[in-house]
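Following: one structure in structure tokens, then a few remarks.
Because only heavy atoms are used, hydrogens play no part in the values below, and waters and symmetry mates are left out as well, while side chains stay in. All ligand and atom numbering here is 1-based and tracks the order in the structure.
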Amino acid sequence: MGTGVKAYWQNFINGKWVDGSTAGRIAVDNPATGEIIAEVAEATEDDVNSAVAAARACYVSRALARITPAQRLQMMMRVAAYLRSHSEELAPIVVMDTGKRIRDARGEVEMAARYFEYYGGAADKLEGTSIPLGDGFINYTVHCPFGVSAQIVPWNYPLIIAARSVSAAFATGNATVVKVPELAPLSVYALAEACAAAGFPPGAVNIICGYGQTAGAALAGHRDVNQLVFTGSVQTGQAILHSAAERVVPCVMELGGKSAGVVFPDADIKDVLDSARAGIFQHAGQVCSAMSRLVVHESRYDEVVSSVAEMAESLRIGAGIDDHDITPVISAGQLDRVEGYCLGAVQQGAVAVTGGRRAGNRDGYFMPPTVIADVTAGMTIANEEVFGPVLAILKYDTPEQAIAIANGTDYGLAAGVFTRDVARSHWAAAALEAGQVYVNQWHAGGVETPFGGMKKSGFGREKGQEALMNYVQTKSVTLRVG
Ligand code: NAD
């Protein structure tokens, strides 16, 4: 170990740091080196039960209800300030946990802070309505919390994803249990410290780390969980939905993607290159809304393929702590998976213009930026989520064909349009089946813009004001006064 990271981390239940109920520990490695950097207490079903019981007790005691919306706002601002003031300690932990660049890790801490500011600012503005019913009656509606909100978090942006759910849940008066990802659990523990420092009551936020099949499944199936937010793969989302259906628990599903950018003949190549850099090569492409496909008009195809490949070859591969452009993927298993997709694409007739094989002579899990051309719509690489720095480039003839290719997968998370023609960008944005459409850029938007999927990319929205409605249920009260 000896990396400056604390060697052993406990779970945070009912306002206290506690060991797991068994002696089990989960080893966490640094994706840039493969070295074990820390161990965390493994949460199993008993620990999930304790965390849910603590959240339930906090909710039922009305400890949360007694905090006025104005106080809630102030507490959440304190969480934001705490995260910001600890950014320089926290960002390197994010890097060692997830592998991403230090500048993106700082961005992750900042965005986590922004969620608490944004939803803190909404805590005292969750107004109901009064519906006119005529003489003799008064009606009003109230936004009620669900009670215990469970969050199951993936490893690519664990701090941001936990922060966006915990902040919205707390703003609306819910208690939370967060199951952090076993591959990258460390940064989310800072949320526990921040919430405790900000005066959240014990049990309001519980943070545990366990394996998906055990702790995750126990949390998703727990009878005292009243609402569930899951961010992760489609397959896991389906398992969680089955379990939630048994108890009729509302869910938000933020799942994967195979998002396409459509390049029209009049596109500015600079926009396409900047978007590829940010959209598929940043964080080694391990982004749910990654631009993993480009669908390019035949008149620009060769130019786009050669320009993107040239740009990819200029990127520096190395550890995130040194702010390299291409950082490692999360694990040895993920590296095998990503490389397997590239080899499979070549077997199916595509061409790896650059990359396509793991970077040799390195201890960590490095996959070079990969550009795969001559991809056709039926190929596996055109349909399945790789979750690596791999861009598949397809060709089209007519605009309708471009939209059909872009919409032709099971996913519908993000899509992009590259054109200088405003009318065409609106036409395409309307036709693309995706929760977010980016025009002449990729990934712009922040905590303010609703985010979520269509089709198998999920349902419900996180971020933005709309997301708050996932955490409340409306009660209509009608009085006879005449
Ligand atoms: P994953 O589905 O394997 O795991 C996500 C979380 O679910 C982890 O905490 C895991 O422990 C837990 N889990 C696994 N099996 C479980 C089970 N049976 N019951 C309950 N919980 C279980 O996903 P991942 O590999 O961690 O993350 C990558 C996936 O997440 C990609 O598909 C990516 O697109 C998606 N993702 C989506 C968004 C979004 O906002 N739409 C954001 C980030 C990641």
Side-chain angles (χ1 to χ4, degrees), residues 26 28 31 40 42-45 48 97-98 100 108 111 115 150-165 177-185 188 207-222 225 228-244 246 249 251-259 280 283-292 329-331 333-334 337-338 341 384-388 409-414 434-436 443 445 447 449-464 467 470:
I26 296 175
V28 182
V40 300
E42 181 193 349
T44 55
E45 190 172 350
V48 170
D97 221 9
T98 65
K100 63 173 63 87
E108 182 155 354
M111 196 162 177
Y115 276 117
Q151 279 111 39
I152 299 179
V153 173
W155 45 259
N156 58 346
Y157 289 91
L159 180 58
I160 286 181
I161 290 171
R164 77 184 181 193
S165 297
V177 178
V178 183
K179 208 290 283 171
V180 298
E182 56 272 37
L183 285 170
V188 187
I207 296 181
I208 56 175
C209 179
Y211 292 107
Q213 301 291 339
T214 50
L219 182 59
H222 200 291
V225 165
L228 215 149
V229 180
F230 171 71
T231 308
S233 62
V234 173
Q235 197 187 12
T236 308
Q238 286 168 327
I240 289 173
L241 280 171
H242 279 294
S243 148
E246 294 283 329
V249 168
C251 294
V252 176
M253 287 281 138
E254 296 276 10
L255 308 177
K258 188 73 197 179
S259 304
I280 187 66
H283 196 13
Q286 301 166 114
V287 183
C288 52
S289 51
M291 188 180 77
S292 51
V329 297
I330 190 73
S331 64
Q334 186 68 6
R337 185 169 176 269
V338 173
Y341 270 113
E384 294 187 11
E385 185 180 45
V386 175
F387 230 54
T409 74
D410 288 344
Y411 293 105
L413 191 54
Q436 29 283 313
H443 284 328
V447 303
T449 43
F451 185 91
M454 295 182 178
K455 297 155 55 181
K456 279 196 182 165
S457 292
F459 51 83
R461 293 291 176 267
E462 288 279 86
K463 302 181 168 186
N470 294 322

Inset, instruction - Output all residues satisfying side chain to side chain donor-acceptor pair (under 3.5 Å) with Gln151, sequence neighbours left out; order by chain, then residue number. - result: Ser149

Inset, instruction - Report the residues that fulfil side chain to side chain donor-acceptor pair (under 3.5 Å) with Thr214, sequence neighbours left out, ordered by chain and then residue number. - result: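 Side chain to side chain donor-acceptor pair (under 3.5 Å) list for Thr214, sorted by chain: empty.
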
Within a strict 4.5 Å, meaning less than it, do heavy atoms of the [X] and [Y] side chains meet?
| X | Y | result |
| --- | --- | --- |
| Leu255 | Tyr411 | no |
| Leu219 | Val225 | yes |
| Gln436 | Thr449 | no |

Inset, instruction - Name all residues meeting the salt bridge (charged side-chain N to carboxylate O under 4.0 Å, His left out) criterion together with Lys456; count only those two or more places apart in sequence or in a different chain, and write none if there are none. - result: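 Here the qualifying residues are Asp410.
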
Legend entry - Under 4.0 Å from ligand 1, counting heavy atoms only: the protein residues, by chain and number: Ile152, Val153, Pro154, Trp155, Asn156, Ile161, Arg164, Lys179, Pro181, Glu182, Gly212, Gly216, Ala217, Phe230, Thr231, Gly232, Ser233, Thr236, Ile240, Glu254, Leu255, Gly256, Cys288, Glu385, Phe387, Leu413, Phe451

